[in-house]
Amino acid sequence: MIRTFSTHKIRPQIDLNHLWQFTAGDAEPFQVSVPSCWETYPGFGSYRGTAVYSHELQAGGNLRLVFEGVSHTADVFIDGQKIAHHYNAFTSFDAVYPAAEEKTHLVEVRVSNAFSEQSALHIPNDYYSYGGISRPVSLEIVPDVFIEWIHMTPIFKEVHWDLAVEVSLRNISKTNHIANTEVTLEVGSHSFGSVEVPAESRKTLSAVIHCDNAVPYFPENPTLYYATVTLALDDGPICDDLIDRVGFREIKIAGKEILFNGQPIQIRGFCRHEDHPLFGCALPMSAMDQDLNLFRDLNANAVRTSHYPNDSLFLDLCDEKGFMVWEENHARGLSEEKMRNPNFEQQCEDCIAEMIRDHFNHPSIIIWGILNECASETEYGRSCYERQFAQIKSLDPSRPTSFASCKHFKDICLDLPDIVSFNIYPLWYHDRPVKEYLDELYSWIQETAGKGKPFLITEIGAGGIYGYRDANLDKWTEDYQAYALSQQIEGVLSKEGCSGIFIWQFCDVRVSREWFSTRPRSKNNKGVVDEYRRPKLAYQTVKEQYGKFKKD
Ligand code: ADA
């Protein structure tokens with residue numbers, strides 16, 4: 001399952017989520033299902049290195065392989081010829097092989113999850129960098145010019161909605177072509193007329209579609225519209241299409257409030273890693289959906305995709321179920337020294353560009369985040385935050401931006417985002433009372449360039465080891481975790497000027513081996529459910545507290 005709906009009716013799209021041959025080290029090659037993580041294969045539970053996935057396919061024409069995610073570095077070969085290279089587990093890429101002969105072709109993907117200087121973002125960390133083709137793969141047969149993406153921005157005009165539309169066309173042939181492109185929705189349409197797309201280049205078309213009678217999208221009433229883009233080339237018949245969805249909603253900032261179609265929001269969310277002991281980071285749709293059903297049961301209304309862009313399928317589910325999403329680029333806890341890795345900037349830039357290209361249309365995404373807990377207290381760090389926010393605004397000015405800071409009382413970047421966000425751990429990493437600590441931090445923010453901006457707590461929580469109970473309220477007990485979360489939620493959600501909270505975290509997750517000393521079981525144990533989604537005592541506490549503060 002690639003998405004929850006079909007993205008093509010005309011373009012042939014072949015699902016390659018089959019058995020592939022897996023070869024690594026001295027082991028005999030064996031068949032594995034794709035998508036998957038190799039840590040789930042016998043003997044590969046902690047394997048860090050390279051492996052090759054191979055698969056034969058019978059096809060001809062312009063072949064376009066689309067990889068939704070390979071963890072974390074991929075080199076793609078067709079019949080022995082390298083056609084793509086990609087870094088980062090959490091964004092998609094394609095591998096195009098034009099004018100292929102109709103026959104059986106061999107696709108090989110060399111995958112690495114190794115840590116080295118080459119990898120600035122996947123490093124030993126407080127979560128696990130898995131290996132494998134971890135998100136779906138498909139084969140498309142595309143014409144010489146094909147529709148690469150459509151981006152849609154709804155704009156409310158008091159009595160109707162406008163929809164600003166951009167469509168990217170890509171010519172992979174050595175000939176110029178004339179394209180006739182149309183966008184159609186139930187509530188409006190636009191024809192771009194004849195446009196030349198020069199050989200081996202891209203062309204972006206823009207228009208504003210007047211949409212009468214569009215029903216607005218709200219989390220409690222998530223109305224989605226399907227937009228179909230069609231393309232005809234050189235006076236021929238329609239030869240390509242792309243279908244995506246849009247929800248008519250605007251996210252705006254008014255003083256200290258975040259407005260969702262004019263209504264102030266209150267976030268009762270969770271930070272969530274893509275992690276599961278049975279699947280690694282390659283969760284099937286049923287497991288993703290189970291997580292969201294638990295969110296709903298917990299009275300939560302939002303998710304932070306800490307600390308990387310998520311699978312589009314998960315975002316589809318959030319769109320349909322009406323969860324609000326903070327999506328962020330891939331970076332966690334990088335010091336200035338790590339941010340000075342020569343690959344850091346380019347890898348961040350690519351990640352942001354691919355995240356926004358792929359996820360632009362999801363109405364669930366209300367905030368773009370960057371660089372969780374990086375060096376926002378240093379001048380060099382500030383230059384990185386500045387550049388990345390500028391990149392985001394150039395690609396999508398319609399959504400507010402933020403970053404989760406841990407540089408309490410010393411952050412120098414609070415002028416840069418639209419929303420000020422902090423990760424705080426009173427009652428866990430220090431024992432100051434929640435309200436006292438929060439008041440102090442908030443007063444300090446009001447003396448900085450963050451003054452008057454909306455404010456979020458993007459992490460708060462405590463560790464609790466599943467099944468470890470003790471009446472003494474010692475740390476690591478389920479009892480203490482429940483106590484701490486109760487105080488923390490109460491403190492944050494009753495704070496004037498605070499638009500909400502993302503609890504750290506939804507479920508326990510595996511961490512890199514290097515993190516064992518502060519992470520019993522080699523897990524981050526701050527989940528309100530354990531890694532198998534079994535509820536801890538804190539589950540009921542959060543459910544009650546979130547229920548008590550629920551306004552929607
Ligand atoms: C940080 C970080 C999280 C996690 C958390 C913790 O604030 O952003 O990824 O490591 O702390 O558990 O300590």
Side-chain angles (χ1 to χ4, degrees), residues 89-90 121-130 267 269-275 281 302-310 326-335 338-339 348 367 369-377 381 385 402-411 413 417 419-432 434 437-438 441 456-466 475-478 480-481 484-485 488 492 501-531 536 538 542:
F90 305 116
L121 307 177
H122 285 274
I123 58 169
N125 220 328
D126 194 13
Y127 60 92
Y128 204 84
S129 269
Y130 291 96
I267 288 179
F270 282 99
C271 298
R272 174 181 175 273
H273 270 297
E274 292 181 324
D275 194 89
C281 64
V303 53
R304 175 172 170 231
T305 70
S306 46
H307 299 299
Y308 36 77
N310 273 21
W326 158 312
E327 181 157 80
E328 65 192 29
N329 74 339
H330 180 206
R332 181 201 165 277
L334 302 179
S335 60
K338 291 227 162 55
M339 292 170 90
C348 285
I367 297 167
I370 57 167
L371 301 177
N372 171 74
E373 296 195 350
C374 294
S376 53
E377 83 288 22
Y385 278 87
S402 194
F403 68 99
S405 173
C406 65
K407 307 300 175 192
H408 306 175
F409 309 104
K410 54 185 182 196
D411 199 299
C413 294
I419 299 167
V420 171
S421 305
F422 273 88
N423 299 344
I424 63 171
Y425 283 92
L427 305 188
W428 184 249
Y429 290 124
H430 61 82
D431 288 326
R432 298 268 307 277
V434 179
Y437 192 74
L438 190 57
L441 180 65
L456 287 173
I457 290 300
T458 27
E459 288 182 27
I460 201 162
I465 294 174
Y466 182 81
K475 284 192 174 172
W476 296 116
T477 59
E478 283 195 37
Y480 183 78
Q481 184 195 30
L485 271 164
Q488 292 166 339
V492 176
I501 183 173
F502 290 97
I503 291 171
W504 187 268
Q505 59 180 338
F506 170 62
C507 62
D508 292 350
V509 300
R510 187 176 177 185
V511 303
S512 300
R513 292 196 142 179
E514 294 78 352
W515 276 69
F516 72 94
S517 64
T518 53
R519 299 291 181 252
R521 309 189 306 130
S522 288
K523 300 254 183 318
N524 184 310
N525 294 290
K526 297 190 188 74
V528 302
V529 296
D530 78 348
E531 61 276 23
K536 302 182 193 171
V542 172

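All of these numbers come straight from a predicted model, not from anything done at the bench. First listed ligand is number 1; within each ligand, the first listed atom is number 1. Side chains included, hydrogens not; waters and symmetry mates left out as well; all remaining heavy atoms used.
A heavy-atom separation below 4.0 Å is found between Arg519 and ligand 1. Residue Trp428 places every heavy atom at 4.0 Å or more from ligand 1. Using a non-hydrogen distance threshold of 4.0 Å, Tyr127 does not register as a contact of ligand 1. Taking 4.0 Å as the cut-off, Gln505 does not count as a neighbour of ligand 1 on heavy-atom distance.
Residue, atom and distance of the protein heavy atom nearest to atom 6 (C) of ligand 1 are Lys526 NZ, 3.3 Å. Protein heavy atom nearest atom 2 (C) of ligand 1, with residue, atom name and distance: Glu459 OE1, 3.3 Å. The nearest protein atom to atom 7 (O) of ligand 1, hydrogens excluded, is given as Glu373 OE2, 2.4 Å; this is a heavy-atom distance. Nearest to atom 4 (C) of ligand 1 among the protein's heavy atoms is Asp126 OD2, 3.3 Å.
Nearest-heavy-atom check against atom 13 (O) of ligand 1 across Tyr429, Trp504, Tyr425, Trp515 picks out Tyr429.
Phe403 pairs in a side chain to side chain contact (heavy atoms under 4.5 Å, CB included) with only one of the listed residues (Cys374, Ser376, Ser421), which is Ser376.
Both the sub-6.0 Å distance and the 45° axial angle are not jointly satisfied by Arg432 relative to the ring of Tyr437.
Shown in contact with Asn372 at under 4.0 Å from a heavy atom are these atoms of ligand 1, numbered in order with element: 2 (C), 8 (O). Of all atoms in ligand 1, numbered sequentially from 1 with element shown, those under 4.0 Å from a heavy atom of His307 are 3 (C), 8 (O), 9 (O). Close contacts of ligand 1 with Asn423, meaning ligand atoms under 4.0 Å from a residue heavy atom, involve 7 (O), 8 (O).
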Pair Tyr128, His273 - check ring pair (Phe, Tyr, Trp, His ring centres under 6.0 Å), show working.
CA-CA 10 Å; Tyr128 204 84; His273 270 297; over 10 Å; no
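The neighbour count for Lys475 NZ, taken as heavy atoms of other residues, nucleotides or ligands under 6.0 Å away, is above 12.
Between Tyr429 and Tyr425, the ring-plane angle classifies as perpendicular under the 30° and 60° cut-offs.
Checking side-chain atoms of Tyr480 against main-chain N and O of Leu427 turns up a donor-acceptor pair under 3.5 Å.
If you look at Phe270 and Phe502, their ring centroids are not closer than 6.0 Å. Aromatic rings from Phe90 and His122 are positioned such that their centres are separated by under 6.0 Å.
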